[in-house]
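Read through the structure below, which is laid out as C-alpha coordinates, and then see the notes.
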Amino acid sequence: MTRKPQAMRTIPIFAAALAGLVAMAAPALARSQPSHIPARPTLAQACHNRDGWADPAPPQRIFANTWYVGTCGISAVLVTSPQGHVLIDAGVAEAADSVARNIVAAGFRLHDVRWIVLSHEHSDHAGGLAALKRMTGARLAAMPAAARVLTTGQVPADDPQSAWLKPFPAVAVDRVLHDGETLVAGPLRLVAHATPGHAPGSTSWTWTSCQGRDCRAMAYVDSVTAMAAPGWRFADHPAYVAAFRASLDRIAALPCTVLITPHPGASDLFERLAHGAPRPVPGACRTYAANGRARLDETLAKEAAPPQRPAP
(Lines give C-alpha, C1' and ligand atoms only; values in the text may rest on other atoms or scores of the structure.)
Protein backbone atom coordinates (compact mmCIF):
# COMPACT_ATOMS: atom_id res chain seq x y z
CA MET A 1 0.00 0.00 0.00
CA THR A 2 1.28 3.40 -0.97
CA ARG A 3 1.49 5.76 2.02
CA LYS A 4 0.35 9.39 1.62
CA PRO A 5 3.08 11.99 2.00
CA GLN A 6 3.25 13.70 5.44
CA ALA A 7 2.09 17.12 4.01
CA MET A 8 -1.08 15.59 2.55
CA ARG A 9 -1.94 13.91 5.88
CA THR A 10 -1.45 17.25 7.69
CA ILE A 11 -3.85 19.32 5.54
CA PRO A 12 -7.11 17.65 6.74
CA ILE A 13 -5.95 17.87 10.35
CA PHE A 14 -5.13 21.57 9.98
CA ALA A 15 -8.45 22.31 8.25
CA ALA A 16 -10.38 20.61 11.02
CA ALA A 17 -8.51 22.56 13.67
CA LEU A 18 -9.11 25.83 11.85
CA ALA A 19 -12.83 25.10 11.54
CA GLY A 20 -12.98 24.47 15.25
CA LEU A 21 -11.29 27.77 16.05
CA VAL A 22 -13.68 29.65 13.77
CA ALA A 23 -16.68 27.97 15.39
CA MET A 24 -15.46 28.92 18.87
CA ALA A 25 -14.77 32.52 17.78
CA ALA A 26 -18.06 33.02 15.94
CA PRO A 27 -20.14 34.07 18.97
CA ALA A 28 -17.54 36.65 19.97
CA LEU A 29 -17.32 37.98 16.40
CA ALA A 30 -21.09 38.24 16.22
CA ARG A 31 -21.17 40.18 19.48
CA SER A 32 -18.51 42.59 18.15
CA GLN A 33 -20.61 43.47 15.06
CA PRO A 34 -23.56 45.91 15.17
CA SER A 35 -26.84 44.02 15.48
CA HIS A 36 -28.39 46.17 12.74
CA ILE A 37 -27.57 48.99 10.38
CA PRO A 38 -29.18 52.20 11.64
CA ALA A 39 -32.11 53.26 9.49
CA ARG A 40 -31.81 56.53 7.59
CA PRO A 41 -33.75 59.24 9.48
CA THR A 42 -37.08 60.24 8.02
CA LEU A 43 -37.56 63.72 6.64
CA ALA A 44 -39.64 64.64 9.68
CA GLN A 45 -36.82 63.56 12.00
CA ALA A 46 -33.96 65.07 10.01
CA CYS A 47 -35.74 68.39 9.48
CA HIS A 48 -37.20 68.79 12.97
CA ASN A 49 -36.96 72.52 13.78
CA ARG A 50 -35.10 73.06 10.48
CA ASP A 51 -36.84 74.54 7.46
CA GLY A 52 -34.13 76.60 5.77
CA TRP A 53 -34.25 76.59 1.99
CA ALA A 54 -30.71 75.16 1.82
CA ASP A 55 -30.85 72.96 4.96
CA PRO A 56 -29.80 69.47 3.77
CA ALA A 57 -32.36 66.69 4.11
CA PRO A 58 -32.11 62.96 3.39
CA PRO A 59 -33.83 61.52 0.32
CA GLN A 60 -37.03 59.62 0.98
CA ARG A 61 -39.34 57.59 -1.19
CA ILE A 62 -42.77 59.19 -1.41
CA PHE A 63 -44.45 56.33 -3.24
CA ALA A 64 -43.25 53.72 -5.75
CA ASN A 65 -41.01 55.50 -8.28
CA THR A 66 -41.47 58.98 -6.79
CA TRP A 67 -38.76 60.31 -4.45
CA TYR A 68 -38.22 63.45 -2.39
CA VAL A 69 -34.68 64.73 -3.02
CA GLY A 70 -35.01 68.33 -1.86
CA THR A 71 -34.04 70.21 1.29
CA CYS A 72 -35.81 70.79 4.59
CA GLY A 73 -37.48 73.92 3.25
CA ILE A 74 -37.86 73.45 -0.51
CA SER A 75 -39.10 70.43 -2.45
CA ALA A 76 -37.36 68.69 -5.32
CA VAL A 77 -38.99 65.50 -6.59
CA LEU A 78 -37.47 62.76 -8.72
CA VAL A 79 -39.78 60.54 -10.78
CA THR A 80 -37.81 57.49 -11.88
CA SER A 81 -37.84 54.75 -14.51
CA PRO A 82 -35.31 52.27 -15.94
CA GLN A 83 -35.22 54.40 -19.11
CA GLY A 84 -34.54 57.73 -17.38
CA HIS A 85 -35.83 60.12 -14.75
CA VAL A 86 -37.56 63.50 -14.46
CA LEU A 87 -36.56 66.02 -11.78
CA ILE A 88 -39.16 68.56 -10.67
CA ASP A 89 -37.67 71.74 -9.17
CA ALA A 90 -34.08 72.43 -8.18
CA GLY A 91 -34.25 74.57 -5.05
CA VAL A 92 -31.98 77.52 -4.39
CA ALA A 93 -28.60 77.75 -6.08
CA GLU A 94 -26.85 76.85 -2.80
CA ALA A 95 -28.81 73.58 -2.58
CA ALA A 96 -27.94 72.17 -6.02
CA ASP A 97 -25.14 69.97 -4.64
CA SER A 98 -27.45 68.69 -1.90
CA VAL A 99 -30.13 67.74 -4.44
CA ALA A 100 -27.51 65.98 -6.58
CA ARG A 101 -26.21 64.05 -3.56
CA ASN A 102 -29.74 62.99 -2.66
CA ILE A 103 -30.34 61.63 -6.15
CA VAL A 104 -27.21 59.48 -5.82
CA ALA A 105 -27.96 58.51 -2.21
CA ALA A 106 -31.39 57.30 -3.32
CA GLY A 107 -29.63 54.89 -5.69
CA PHE A 108 -29.85 56.73 -9.01
CA ARG A 109 -27.27 58.11 -11.43
CA LEU A 110 -27.18 61.80 -12.23
CA HIS A 111 -26.72 61.27 -15.96
CA ASP A 112 -29.93 59.20 -16.04
CA VAL A 113 -31.97 62.36 -15.37
CA ARG A 114 -33.45 63.09 -18.81
CA TRP A 115 -35.59 66.16 -18.08
CA ILE A 116 -35.75 68.91 -15.46
CA VAL A 117 -38.98 70.89 -15.02
CA LEU A 118 -40.16 73.36 -12.42
CA SER A 119 -43.08 74.79 -10.48
CA HIS A 120 -42.34 78.49 -10.98
CA GLU A 121 -39.61 80.92 -11.91
CA HIS A 122 -38.50 82.20 -8.48
CA SER A 123 -34.99 81.75 -7.09
CA ASP A 124 -36.11 79.41 -4.28
CA HIS A 125 -37.21 76.83 -6.86
CA ALA A 126 -35.23 77.75 -9.98
CA GLY A 127 -31.93 78.92 -8.50
CA GLY A 128 -30.31 75.49 -8.77
CA LEU A 129 -31.51 74.71 -12.31
CA ALA A 130 -28.34 75.81 -14.13
CA ALA A 131 -26.04 73.77 -11.87
CA LEU A 132 -28.21 70.64 -11.94
CA LYS A 133 -28.59 70.90 -15.70
CA ARG A 134 -24.77 70.88 -15.99
CA MET A 135 -24.36 68.02 -13.51
CA THR A 136 -26.96 65.77 -15.11
CA GLY A 137 -26.80 66.72 -18.78
CA ALA A 138 -30.61 66.80 -18.70
CA ARG A 139 -32.82 68.98 -20.87
CA LEU A 140 -34.97 71.72 -19.33
CA ALA A 141 -38.64 72.30 -20.12
CA ALA A 142 -40.82 75.21 -18.97
CA MET A 143 -44.00 77.16 -19.72
CA PRO A 144 -43.55 80.31 -21.88
CA ALA A 145 -43.77 82.83 -19.01
CA ALA A 146 -41.30 80.84 -16.93
CA ALA A 147 -38.96 80.25 -19.89
CA ARG A 148 -38.59 84.00 -20.48
CA VAL A 149 -37.40 84.47 -16.91
CA LEU A 150 -35.14 81.42 -16.79
CA THR A 151 -33.11 82.56 -19.78
CA THR A 152 -32.21 85.82 -18.04
CA GLY A 153 -32.43 84.98 -14.35
CA GLN A 154 -34.24 88.30 -13.82
CA VAL A 155 -37.85 88.38 -12.57
CA PRO A 156 -39.82 91.10 -14.45
CA ALA A 157 -42.24 93.63 -12.99
CA ASP A 158 -45.36 91.68 -14.05
CA ASP A 159 -44.64 89.19 -11.24
CA PRO A 160 -46.46 90.20 -8.03
CA GLN A 161 -43.35 89.47 -5.97
CA SER A 162 -40.74 90.96 -8.30
CA ALA A 163 -39.65 93.67 -5.86
CA TRP A 164 -38.73 90.99 -3.33
CA LEU A 165 -36.95 88.56 -5.62
CA LYS A 166 -33.24 88.31 -6.26
CA PRO A 167 -31.72 87.30 -9.63
CA PHE A 168 -30.61 83.69 -10.06
CA PRO A 169 -28.26 81.93 -12.54
CA ALA A 170 -29.69 82.07 -16.06
CA VAL A 171 -30.24 78.76 -17.81
CA ALA A 172 -31.14 77.72 -21.36
CA VAL A 173 -34.59 76.22 -21.91
CA ASP A 174 -34.67 73.28 -24.34
CA ARG A 175 -38.42 72.94 -24.72
CA VAL A 176 -41.29 75.40 -24.24
CA LEU A 177 -44.39 73.68 -22.90
CA HIS A 178 -48.07 74.57 -23.10
CA ASP A 179 -51.02 73.70 -20.93
CA GLY A 180 -51.95 70.01 -21.10
CA GLU A 181 -48.78 68.83 -22.86
CA THR A 182 -47.19 65.56 -21.80
CA LEU A 183 -43.50 65.23 -21.06
CA VAL A 184 -42.21 61.75 -21.91
CA ALA A 185 -39.14 59.98 -20.53
CA GLY A 186 -39.15 56.26 -21.29
CA PRO A 187 -42.38 54.94 -19.71
CA LEU A 188 -42.92 58.15 -17.70
CA ARG A 189 -45.75 60.45 -18.67
CA LEU A 190 -45.92 63.76 -16.79
CA VAL A 191 -48.68 66.20 -17.73
CA ALA A 192 -47.98 69.95 -17.43
CA HIS A 193 -50.82 72.18 -16.22
CA ALA A 194 -50.60 75.96 -16.52
CA THR A 195 -51.66 77.33 -13.12
CA PRO A 196 -50.55 81.00 -13.11
CA GLY A 197 -51.24 83.03 -9.99
CA HIS A 198 -48.47 82.74 -7.44
CA ALA A 199 -46.20 83.53 -10.41
CA PRO A 200 -47.01 84.14 -14.09
CA GLY A 201 -45.31 80.89 -15.14
CA SER A 202 -46.66 78.69 -12.35
CA THR A 203 -46.95 75.08 -13.47
CA SER A 204 -48.43 72.00 -11.79
CA TRP A 205 -47.62 68.40 -12.72
CA THR A 206 -49.57 65.14 -12.60
CA TRP A 207 -48.52 61.54 -13.24
CA THR A 208 -49.31 58.02 -12.08
CA SER A 209 -47.02 55.98 -9.85
CA CYS A 210 -47.64 52.26 -9.36
CA GLN A 211 -46.36 49.74 -6.82
CA GLY A 212 -47.61 46.44 -8.14
CA ARG A 213 -51.33 46.91 -8.69
CA ASP A 214 -51.48 49.87 -6.30
CA CYS A 215 -51.52 52.93 -8.59
CA ARG A 216 -51.88 56.47 -7.29
CA ALA A 217 -52.57 59.82 -8.93
CA MET A 218 -49.57 61.96 -8.03
CA ALA A 219 -49.88 65.75 -8.19
CA TYR A 220 -47.05 68.24 -7.72
CA VAL A 221 -49.11 71.41 -7.44
CA ASP A 222 -47.57 74.85 -7.45
CA SER A 223 -47.99 77.38 -4.65
CA VAL A 224 -51.41 79.04 -4.48
CA THR A 225 -50.65 81.86 -2.05
CA ALA A 226 -51.61 85.34 -3.23
CA MET A 227 -48.46 87.18 -2.22
CA ALA A 228 -47.43 90.61 -3.49
CA ALA A 229 -44.53 92.91 -2.68
CA PRO A 230 -45.27 96.48 -1.61
CA GLY A 231 -46.46 98.55 -4.55
CA TRP A 232 -48.14 95.63 -6.38
CA ARG A 233 -51.87 95.17 -5.80
CA PHE A 234 -53.93 92.30 -7.15
CA ALA A 235 -56.93 94.65 -7.36
CA ASP A 236 -55.05 96.72 -9.94
CA HIS A 237 -54.65 93.67 -12.23
CA PRO A 238 -58.12 92.19 -12.87
CA ALA A 239 -56.91 89.98 -15.75
CA TYR A 240 -54.24 88.48 -13.49
CA VAL A 241 -56.83 87.81 -10.78
CA ALA A 242 -59.14 86.15 -13.31
CA ALA A 243 -56.30 83.90 -14.48
CA PHE A 244 -55.49 83.08 -10.84
CA ARG A 245 -59.09 82.07 -10.17
CA ALA A 246 -59.14 79.92 -13.30
CA SER A 247 -55.96 78.22 -12.09
CA LEU A 248 -57.57 77.41 -8.74
CA ASP A 249 -60.52 75.84 -10.56
CA ARG A 250 -58.09 73.83 -12.69
CA ILE A 251 -56.16 72.65 -9.62
CA ALA A 252 -59.37 71.57 -7.87
CA ALA A 253 -60.16 69.30 -10.83
CA LEU A 254 -56.73 67.66 -11.15
CA PRO A 255 -56.34 63.88 -10.75
CA CYS A 256 -54.85 63.95 -7.28
CA THR A 257 -54.72 61.44 -4.45
CA VAL A 258 -51.12 62.18 -3.33
CA LEU A 259 -50.47 65.92 -3.11
CA ILE A 260 -46.93 67.34 -3.13
CA THR A 261 -46.15 71.05 -3.01
CA PRO A 262 -43.01 73.15 -3.73
CA HIS A 263 -42.89 74.18 -0.07
CA PRO A 264 -43.33 70.85 1.75
CA GLY A 265 -44.98 72.48 4.75
CA ALA A 266 -47.85 73.72 2.57
CA SER A 267 -49.09 70.13 2.24
CA ASP A 268 -47.70 68.72 5.53
CA LEU A 269 -45.59 66.39 3.39
CA PHE A 270 -42.99 65.42 5.99
CA GLU A 271 -45.62 64.59 8.60
CA ARG A 272 -47.51 62.47 6.06
CA LEU A 273 -44.27 60.64 5.21
CA ALA A 274 -43.25 60.04 8.82
CA HIS A 275 -44.61 56.47 8.81
CA GLY A 276 -44.00 55.51 5.18
CA ALA A 277 -45.93 56.21 2.01
CA PRO A 278 -48.68 58.77 2.56
CA ARG A 279 -52.18 57.39 2.34
CA PRO A 280 -54.22 58.41 -0.69
CA VAL A 281 -56.50 61.38 -0.01
CA PRO A 282 -59.17 61.85 -2.69
CA GLY A 283 -60.02 65.52 -2.93
CA ALA A 284 -56.63 66.71 -1.67
CA CYS A 285 -56.27 69.16 -4.55
CA ARG A 286 -59.81 70.49 -4.04
CA THR A 287 -58.97 71.34 -0.44
CA TYR A 288 -55.64 72.89 -1.43
CA ALA A 289 -57.33 75.03 -4.10
CA ALA A 290 -60.06 76.12 -1.68
CA ASN A 291 -57.41 77.33 0.76
CA GLY A 292 -55.74 79.30 -2.04
CA ARG A 293 -59.08 80.82 -3.06
CA ALA A 294 -59.74 81.93 0.52
CA ARG A 295 -56.28 83.51 0.70
CA LEU A 296 -56.86 85.39 -2.58
CA ASP A 297 -60.25 86.68 -1.41
CA GLU A 298 -58.68 87.79 1.87
CA THR A 299 -55.91 89.64 0.04
CA LEU A 300 -58.40 91.42 -2.23
CA ALA A 301 -60.53 92.39 0.77
CA LYS A 302 -57.52 93.90 2.53
CA GLU A 303 -56.60 95.84 -0.60
CA ALA A 304 -60.14 97.23 -0.85
CA ALA A 305 -60.34 98.27 2.79
CA PRO A 306 -59.73 101.97 3.54
CA PRO A 307 -56.38 102.68 5.16
CA GLN A 308 -56.49 102.71 8.93
CA ARG A 309 -55.79 106.05 10.54
CA PRO A 310 -53.47 105.98 13.51
CA ALA A 311 -55.18 106.45 16.86
CA PRO A 312 -54.96 110.01 18.20
Exercise. Are H85 and W67 close enough that their ring centers fall under 6.0 Å?
Worked result: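 No: the rings miss the under 6.0 Å criterion.
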
Is it possible for you to say whether [X] and [Y] belong to one hydrophobic cluster, with membership spreading through side-chain heavy-atom contacts below 4.5 Å?
X	Y	value
V86	M218	yes
L110	L87	yes
W115	V173	no
F108	I116	yes
M135	V99	yes

With heavy-atom distances below 4.5 Å as the criterion, would you say the side chains of [X] and [Y] are in contact?
X	Y	answer
V149	P156	yes
V221	L254	yes
Y68	L78	no
L118	Y220	no
V191	H193	yes
V171	L140	yes
V104	R101	no
C72	W53	no

Between the side chains of [X] and [Y], is a donor N or O closer than 3.5 angstrom to an acceptor N or O?
X	Y	answer
T261	S267	yes
T195	S204	yes
S98	T71	no
D89	S75	no
W205	T203	no

Rounded to the nearest 0.5 Å, what's the gap from [atom1] on [X] to [atom2] on [Y]? Could you check?
X	Y	atom1	atom2	result
T66	I260	OG1	CD1	6.0 Å
T42	F270	OG1	CZ	9.5 Å
D158	R148	CG	CZ	7.5 Å
R293	I251	CZ	CD1	9.0 Å
D268	L259	CG	CG	9.5 Å
L190	L177	CG	CG	10.5 Å

Main-chain N/O of [Y] paired with [X] side-chain donor or acceptor, under 3.5 Å:
X	Y	value
N65	S209	no
R109	T136	no
E94	A54	no
T257	A217	yes
D55	G52	yes
R250	A253	no
T225	M227	no
R114	H111	yes
D179	A194	yes
E303	R233	no

For this session: Check whether more than 12 heavy atoms from other residues, nucleotides or ligands sit under 6.0 Å from atom CZ of R245, and answer yes or no.
Result: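 Yes, because the 6.0 Å sphere around CZ of R245 holds more than 12 heavy atoms from other groups.
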
Indicate the atoms forming the closest heavy-atom contact of [X] with [Y], along with that distance.
X	Y	result
A157	W232	O-NE1, 3.5 Å
P255	A219	O-CB, 4.0 Å
P278	R216	O-NH1, 2.8 Å
G186	Q83	CA-CB, 3.7 Å
Q211	F63	CB-CZ, 3.7 Å
Y288	D222	OH-O, 3.0 Å

Problem set entry | NZ/NE/NH1/NH2 to OD/OE distance under 4.0 Å, D297 and R295 |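 Salt bridge flag = no for R295 with D297.
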
For this session: Decide side-chain contact (heavy atoms from CB on, under 4.5 Å) for H120 and H125; before the verdict, give the C-alpha distance in whole Å, the side-chain angles of both, and the deciding distance to 0.1 Å.
Result: CA-CA 7 Å; H120 63 270; H125 309 284; 3.1 Å; yes

For this session: Give the C-alpha distance, both sets of side-chain angles, the deciding distance and a yes or no for side-chain contact (heavy atoms from CB on, under 4.5 Å) between F168 and L150.
Result: CA-CA 8 Å; F168 55 88; L150 297 180; 3.9 Å; yes

For this session: Show your working on ring pair (Phe, Tyr, Trp, His ring centres under 6.0 Å) between H198 and H263 and close with a plain yes or no.
Result: CA-CA 13 Å; H198 183 76; H263 291 267; 7.4 Å; no

